[in-house]
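Single-structure report; data block below.
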Amino acid sequence: MTEIESTWKALPLSAVGALYVNGIQRFIRENLIAFFGAGTGFAVSESLGWREFGLGAGLVLLAGLLIALVYHRRFRYRVDGDSVRVRKGLFEQQEIKVRFERVQNVGFSQPIYLRPLGLTRVTLETPGASQTEVSLPGIASGEATALRDLISGAAGRRADSDQSTDSDDAERTEAEPAAAFEASAADLFKYGMTSNQIWILLAVFGAPASSWIESRVSSWIEQLSASGLLDMEMLRGAPLMLALLVGLLIVSVALLLMALSGLLAIVRFSGYRLVRETDRFKSRFGLLDAREKSLKLSKLHGIQTVQTAVGRMLGQWHAIGHQTGAVALEGAMNDDRRFLIPGIDNDRLEGVVGTLRGRSWDAPAWQGIHPRFRSMLWGRTSVAMVIAALLVWLLLPGHVAWPPLTILGLNLLILGLIHLHWRRWAFAHDGQRMRIRSGLVGQKIVEFDLASCQQVAISTSPYQRRHQLASLTIRLPHGEQPLPYLGREAADEIANLLLYRAESSAKHSL
Amino acid sequence: MNQHDETAFSNPALAPTGVPDYREVEFEPPASSFRRYTLVSTTIFAAPAVLAALVAWALPFIPLAGWKVLVIAGGLLLPLALVGVYRWIDAGYRGWALRRHDIIARSGVFWRSVTALPVARIQHVETTHGPLERAYGLARLKLYTAGGLTADLVVIGLDRETADRLREYLVEQIRKRDAETGQNVEAETSQGSDD
């Protein structure tokens, strides 16, 4: 084990490169939309050419280098017996101190450009706001492991004074314990296809791509009709054929995006391995950016399993281990803080959740929410849609029939979706542990100990009061979990039970 | 094991009837000046609209007849008046209760809610009072739990003394808890005058 001395240290000089690449990456990521806007602008505008583009890019790159150099110059860190301190800041100096016992997650990340330099990026996550997170953008890999062992060692000593388990643990780490879960490339590909990130891809690439495709397609069509291969008159005469062609185009674009998303998932989570150690979980993954995340058992407050709509067809799930306060950054592009386990198929789901839970749990049968949830939404949507249809019918000149009929058809579709949504809502608890299911076509199941409840709110609307109903909002360490439309008695009973468990629990602060 | 030994629950075994029922608590109403405070604060909020209407009425070059300006101003003021009425009624529904292990607050006229926050989950307690609240001797109590960025529970319309007493009591509870669990979670008190 590398000894860590307790002095103020600068990052190694080779880390400037890491800072630079990281900074540029972040700049691009945070201004992605602006970049695409600018790209489209360049493509459309005649007066701006590649020279201007190069000039602008060069300026940004140069400024980035300058910032990285200054940042490196001013960055100092210091590891003491029980804490890490970091001093940083371009213009004003900031000092952050994180005590080891507050750290709930030590993350390692080694992007491909750091590997030859032997550097690792270390992130220390603490519960609470993201600003309290401390990251060392590039320190020697050996030092990084030593730091992690120091931190988890401090936690281990605090949990029990038995030193032998600690050394046991260390030895087992060396010997690489059996994986609790491994995802193959096929699993990951499926995860990528089913994950919602394809919608984000679509949103990001959609606008510039569609204008490009449009110009391409129209020029193709012109070429084709000019060559006489395609008879535009014939197409115009066969609207069904045209619709089929357009449909085929949409489906193939969707499939292409799904495949792209699947490949991205393989690159990102390549070789995913989940390992359980005495006091924490560890996951290792990544092709270009080799990463290691750890999650202390004592900080794991909830297990979420998600199956997207596409995932349902492929029998594909992913799981998230929830920790305190990591909710603010949810979202497919920013899920860095979440402890995500991708690519779980139906058969292995119970096993993975059981591992995370640390024991088996015979979950009681699902109980649905009250049918009035559905009838209330049905009633309100239908009234609104019928009024809209009537208005459209009255206001449109000539009282055309199809627009109001379309609205009514849409209404039927929405009613169907409401039914699905209502059917998906369900909960189950055995007095100690609870799980709540929600979703539409896909589903999300959140499982937690009743004792980890932070706050509970019982709310009633006038409608609910008339029908003896109430909605619950349970605040968990990672965020809020609603549970709408329960019988009043049942809601009060669950609220009382949640409070009782939280207040009589030995684990008093989270 | 329950750390509040002297305050342990009467029935630790879980029988459906053994769990304390939050519905049994008696809610304390807000301070008596709270209703007047809601009225005055809504009026102050509405004042710019009234003022603008008066100015527009007095200006010679506005091409609208005087009564039309008044109708427009009335249309602006009506929602504000409704908000005032709502807050007045809401003040009557509000209430809070402190139990040994949690603090419960109630609010809302149409959409009513009762929120309970276990004392053991509180990380940070704060009382604040703006200038107007100060004039009426009022304060609000803000309670924060782990992980949240904003206050998890805000009890408004307490009289200053009650708010300070509650804060001191809760901070003491947190201190006791931290001393017993050996944890050192930041529990601070702060008195602000920003609103």
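Naming: A, B, ... by sequence-line order, numbering from 1 per chain. Computed from a predicted structure; not experimentally measured.
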Worksheet item: Is there a salt bridge (Lys or Arg N to Asp or Glu O under 4.0 Å) between B:R23 and A:E493 once you walk through the steps?
Response: CA-CA 10 Å; B:R23 285 168 296 183; A:E493 215 170 89; over 6 Å; no
Counting only heavy atoms not in [X] (residues, nucleotides, ligands), do more than 12 fall under 6.0 Å from its [atom1]?
X      : atom1 : result
B:F45  : CZ    : no
B:W111 : CH2   : no
B:E161 : CD    : no

Worksheet entry | Pairwise side-chain contact, B:Y22 with A:I458, heavy-atom cut-off 4.5 Å (strictly under) |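 Yes - at least one pair of side-chain heavy atoms lies under 4.5 Å apart.
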Worksheet, complete the sentence: In terms of heavy-atom contacts, B:V19 and A:N496 come closest through CG1-O, 3.4 Å
Discussion item. Does any backbone or side-chain atom of B:V119 lie under 4.5 Å from a heavy atom of chain A? Answer side chain, backbone, both or neither.
Written reply: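 Neither; nothing under 4.5 Å.
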Worksheet entry | Separation between CZ of B:R112 and CD of A:Q464, rounded to the nearest 0.5 Å | 12.0 Å
Worksheet item: Hey, what do you get for OG1 (B:T145) to CD (A:Q455), rounding to the nearest 0.5 Å?
Response: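 The CD atom of A:Q455 is 6.5 Å from OG1 of B:T145, to the nearest 0.5 Å.
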Worksheet item: Under 3.5 Å, is there a donor-acceptor pair between the side chain of B:R121 and the main chain of A:C453?
Response: yes
Fill in: Donor-acceptor contact present, side-chain A:R465 to main-chain B:F110, <3.5 Å
yes
Practice prompt. Take B:D152 and A:R475 through the side-chain contact (heavy atoms from CB on, under 4.5 Å) test and state the conclusion after the steps.
Written response: CA-CA 9 Å; B:D152 293 272; A:R475 188 186 279 266; 2.9 Å; yes
Discussion item. Using heavy-atom distances under 4.5 Å, tell me whether A:A495 contacts chain B through its side chain, its backbone, both, or neither.
Written reply: side chain
Item to complete: Among B:V109, B:V114, B:L117, single out the residue with the greatest number of heavy-atom pairs under 4.5 Å to chain A.
Response: B:V114
Discussion item. Using the rule given for side-chain contact (heavy atoms from CB on, under 4.5 Å), can you reason through A:L499 versus B:H101, listing the C-alpha separation, both sets of side-chain angles and the distance that settles it, and then say yes or no?
Written reply: CA-CA 9 Å; A:L499 289 174; B:H101 292 279; over 6 Å; no
